[in-house]
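Scroll down for the structure; my scribbles are underneath it.
Note that ligands are numbered from 1 as they come in the structure, with each ligand's atoms numbered from 1 the same way.
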Amino acid sequence: MTILFHEIVYGPVHSRRMGTSLGVNLLPCDGKLCSFDCIYCECGFNKDFRTKTKLPDRENVRAALEDRLQQLQRERVTPNVITFAGNGEPTMHPEFDGIIDDTLVLRNRYFPGAKISVLSNGLHLNKKVVFDAMKKVDNPILKLDSAFDETARRIDRPNAATYSVSQQVERYRMFQGDFILQSMFLRGSFEGSVVDNTTDEEVSAWLALVRSLRPREVMIYTIDRETPARELEKAPLEVLREIARRVGELGIKTNVAG
Ligand code: SF4
């Protein structure tokens with residue numbers, strides 16, 4: 001079943017990777033907007049969830065978040081993290097930088113111990129306002145599913161004709177290691193082509209990039225729910241753990257969700 005978030009602020013939910021997380025969706029509430037179109041996306045394929053609905057504006061996001069934080073305070077529920085994820089790519093929102101500034105103010109006012117995380121495909125870091133905003137949050141979580149252009153294009157299906165892994169990696173390098181890398185491992189086929197980023201060739205090349213980027217943490221995960229591409233399967237937990245072991249040998253912390 002495809003999961004779409006129908007509110008700006010949702011949860012808190014317990015996340016496999018982040019604990020008790022209050023979610024913020026900056027994308028349309030009745031569709032999906034993303035510059036990738038990953039074959040594993042829990043929101044479904046872009047073409048199936050197009051929408052004419054406007055994005056929520058900055059003031060609506062601020063008000064919705066403040067309302068929910070006040071409610072949580074009354075209920076004595078403390079979120080570990082405020083997570084920007086939702087129905088697509090949060091950094092595509094034209095007011096993303098201002099919304100992050102508002103969120104920092106609200107977080108400091110209501111739950112100063114909560115972290116702010118942004119799950120991003122990293123494609124828009126070439127815009128200075130996006131990069132600067134991502135530098136302000138506690139956890140910029142950036143996607144890298146393969147070291148090879150062909151595999152990344154097959155799995156993530158970026159909508160930029162000029163997309164390349166090397167360009168993406170250079171954008172991540174600007175964080176000087178102060179970010180979390182997130183990588184999905186899976187197997188199967190899509191449109192008649194084999195998809196498998198768990199081969200030794202794939203993992204070794206990916207590890208070389210991890211070694212050069214030295215993120216402060218690597219999130220290694222696999223499919224958790226139904227995917228829009230039907231012929232995909234989870235990477236086995238022992239495979240994920242072996243990848244994590246190899247990352248651990250580099251002295252980098254890992255988080256595995258199988
Ligand atoms: S980047 Fe995230 S939201 Fe966008 S298609 Fe991929 S999984 Fe879905």
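Scanning the protein heavy atoms around atom 2 (Fe) of ligand 1, the nearest turns out to be K143 CE, 4.2 Å.
Contact check on R154 versus E191 returns no salt bridge, with no Lys/Arg side-chain nitrogen under 4.0 Å from an Asp/Glu carboxylate oxygen. Between E59 and R62, at least one side-chain nitrogen of the basic residue sits less than 4.0 Å from a carboxylate oxygen of the acidic one, meeting the salt-bridge criterion.
Distances shorter than 2.8 Å separate atom 4 (Fe) of ligand 1 from the protein N/O/S atoms C34 SG.
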Legend entry - Verdict with reasoning, K143 to D156, per salt bridge (Lys or Arg N to Asp or Glu O under 4.0 Å): CA-CA 10 Å; K143 185 184 291 295; D156 297 339; 5.5 Å; no
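Between the side chain of E95 and the backbone N or O of R58, at least one donor-acceptor pair lies under 3.5 Å. Remark: side-chain polar atoms of T227 are paired, donor with acceptor, to backbone N or O of A229 under 3.5 angstrom.
Around the CD atom of E238, the shell of radius 6.0 Å holds more than 12 heavy atoms that belong to other residues, nucleotides or ligands.
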